*Asks:* 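There's a structure below that I have some questions on.
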Amino acid sequence: MVKLFSTILAVATLSQAVSAATVKVMPLGASIVTYCWRANLWKKLMDSNINGQAIDFVGSQSGGDCGFTFDNNHEGHSGALAIEYVEKNFLPPWLATAKPDVIVMHLGTNDVVQNKNTTDVIKAYSTLVDQMRASKPTMKIVFAQILPIAPSLFGQATSNRVVALNKAIAAWVSTKTTARSKIYLVDQFTGFNATTDTVEGEHPNAAGNVKIADKFYPAVVSAIADVSAPETALQSFLFST
Ligand SMILES: *[C@@H]1O[C@H](CO)[C@@H](O)[C@H](O)[C@H]1NC(C)=O
Ligand SMILES: *[C@@H]1O[C@H](CO)[C@@H](O)[C@H](O)[C@H]1NC(C)=O
């Protein structure tokens with residue numbers, strides 16, 4: 001551990017490595033992203049300190065009255081669809097402005113509610129990931145299988161389409177993830193009760209916000225740690241030659 005730490009310090013000196021630099025995290029999606037799970041996630045990251053790593057939540061949006069102060073920037077836009085983000089080319093300018101290192105994404109609920117073709121939604125996800133990698137080739141992407149929707153809200157068929165999309169997401173992530181730009185699949189469906197963990201069958205209540213943050217947390221910690229992975233590769237190169 002001491003050896004590893006001193007090696008990292010040596011590499012930091014040699015390469016101005018980013019290990020001590022602020023890691024920018026963009027919460028991305030639709031209305032669900034505007035909820036207080038971001039505050040809970042922020043608090044978990046701050047409480048755990050992660051070796052003193054500075055973290056900045058980024059995005060053009062801000063807000064959220066969650067009972068305590070947190071970094072409330074985000075890129076959650078109420079009513080948005082994955083398909084719409086691609087059609088309107090919304091993401092590239094947001095990325096260019098905020099320059100995130102890590103994306104934490106929950107997007108697709110409105111695509112499901114509006115009965116968009118699952119194949120088309122997955123295609124949109126692929127385009128969005130390509131846009132993220134165009135912004136930063138080593139982008140780390142924490143990607144949610146989406147929350148359930150209560151059948152009482154939009155009917156059983158809509159709730160079933162969530163299950164179908166989540167199945168397609170898992171298959172797609174395994175083909176789209178790369179060593180350089182990992183996609184961390186997070187199952188936000190399992191264990192989340194669309195009746196007791198939501199306000200109205202779709203958006204998270206206090207209990208739901210705790211569950212979402214707890215599910216995202218380990219993947220976000222891994223993604224943040226992996227932001228310095230290129231420096232680890234540089235270290236192997238420097239110390240093996
Ligand atoms: C969805 O799109 C795919 C490919 O474009 C097509 O083959 C499939 O029939 C469509 N499914 C529905 C339910 O429209
Ligand atoms: C959600 O909670 C309600 C009330 O406790 C329960 O009846 C229902 O079975 C739960 N649904 C799931 C999917 O666990």
Side-chain angles (χ1 to χ4, degrees), residues 28-41 44 66-67 76-92 104-134 141-178 183-219:
L28 173 67
S31 56
I32 287 167
V33 168
T34 69
Y35 280 67
C36 285
W37 62 265
R38 294 185 350 269
N40 297 340
L41 178 61
K44 283 174 81 77
C66 302
H77 299 261
S78 292
L81 289 74
I83 283 176
E84 177 192 22
Y85 277 175
V86 169
E87 278 172 1
K88 297 184 177 162
N89 204 34
F90 278 150
L91 185 58
V104 180
M105 180 158 155
H106 182 291
L107 181 64
T109 303
N110 294 313
D111 299 79
V112 166
V113 168
Q114 295 187 30
N115 200 9
K116 298 298 179 188
N117 184 321
T118 299
T119 307
D120 293 341
V121 179
I122 295 289
K123 260 189 219 160
Y125 289 155
S126 276
T127 303
L128 294 172
V129 166
D130 293 344
Q131 291 172 340
M132 292 169 196
R133 290 173 177 164
I141 303 154
V142 177
F143 200 101
Q145 285 175 298
I146 66 172
L147 299 174
I149 304 171
S152 58
L153 196 57
F154 299 117
Q156 189 62 51
T158 300
S159 301
N160 293 348
R161 286 200 303 275
V162 172
V163 176
L165 178 61
N166 282 339
K167 201 176 159 196
I169 287 173
W172 166 78
V173 162
S174 67
T175 66
K176 193 72 180 172
T177 188
T178 67
I183 306 178
Y184 307 75
L185 182 65
V186 176
D187 176 5
Q188 290 288 7
F189 184 95
T190 305
F192 191 96
N193 187 312
T195 305
T196 57
D197 294 328
T198 67
V199 180
E200 69 330 19
E202 180 180 355
H203 297 94
N205 61 18
N209 283 318
V210 169
K211 285 189 179 177
I212 296 169
D214 287 353
K215 275 273 179 79
F216 270 139
Y217 175 73

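Both ligands and their constituent atoms are indexed starting at 1 by order of listing. Treat the numbers as computed from the prediction; the structure is a model and nothing was measured.
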*Asks:* Only counting residues at least two apart or in another chain, list the ones meeting side chain to side chain donor-acceptor pair (under 3.5 Å) with Gln114.
*Replies:*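 For Gln114 there are no side chain to side chain donor-acceptor pair (under 3.5 Å) partners, ignoring immediate neighbours.
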*Asks:* Indicate yes or no for a side-chain donor-acceptor contact from Asp197 to the backbone of Phe192 under 3.5 Å, with no hydrogens or angles considered.
*Replies:*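 Between the backbone of Phe192 and the side chain of Asp197 there is no qualifying donor-acceptor contact (under 3.5 Å).
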*Asks:* Is Thr195 in contact with ligand 2, taking contact as a heavy-atom separation below 4.0 Å?
*Replies:*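 It does not, in that no heavy atom of Thr195 comes within the 4.0 Å cut-off of ligand 2.
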*Asks:* Side-chain contact test, heavy atoms from C-beta onward, threshold under 4.5 Å: evaluate it for Arg161 versus Thr118 and give yes or no.
*Replies:*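 Side-chain contact under 4.5 Å: no.
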*Asks:* Near Thr196, which atoms of ligand 2 are under 4.0 Å from a heavy atom of that residue?
*Replies:*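 Matching atoms, with element in brackets: 2 (O), 4 (C), 5 (O).
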*Asks:* I'd like to check the ring pair (Phe, Tyr, Trp, His ring centres under 6.0 Å) partners of Phe216; sequence neighbours left out, ordered by chain and number.
*Replies:*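 Phe216 satisfies ring pair (Phe, Tyr, Trp, His ring centres under 6.0 Å) with Trp37 once adjacent residues are dropped.
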*Asks:* So do Phe189 and Ile169 actually touch side chain to side chain, heavy atoms under 4.5 Å?
*Replies:*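 With C-beta onward as the side chain, the pair stays apart.
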*Asks:* If you look at each N/O of ligand 1, which protein N/O atoms lie under 3.5 Å away, and at what distance?
*Replies:*
{"from": "ligand 1", "atom 1": "2 (O)", "to": "Asn117", "atom 2": "OD1", "distance (Å)": "3.4"}
{"from": "ligand 1", "atom 1": "2 (O)", "to": "Asn117", "atom 2": "ND2", "distance (Å)": "2.3"}
{"from": "ligand 1", "atom 1": "11 (N)", "to": "Asn117", "atom 2": "ND2", "distance (Å)": "2.9"}
{"from": "ligand 1", "atom 1": "14 (O)", "to": "Asn117", "atom 2": "ND2", "distance (Å)": "3.3"}

*Asks:* If a pair satisfies ring-ring contact (aromatic ring centres under 6.0 Å, His included) and one of its residues is in residues 151-170, list it, with sequence neighbours excluded.
*Replies:*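 For residues 151-170: none.
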*Asks:* Tell me whether the rings of Tyr125 and Trp172 are parallel (<30°), tilted (30 to 60°) or perpendicular (>60°).
*Replies:*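 It falls in the tilted class, 30° to 60°.
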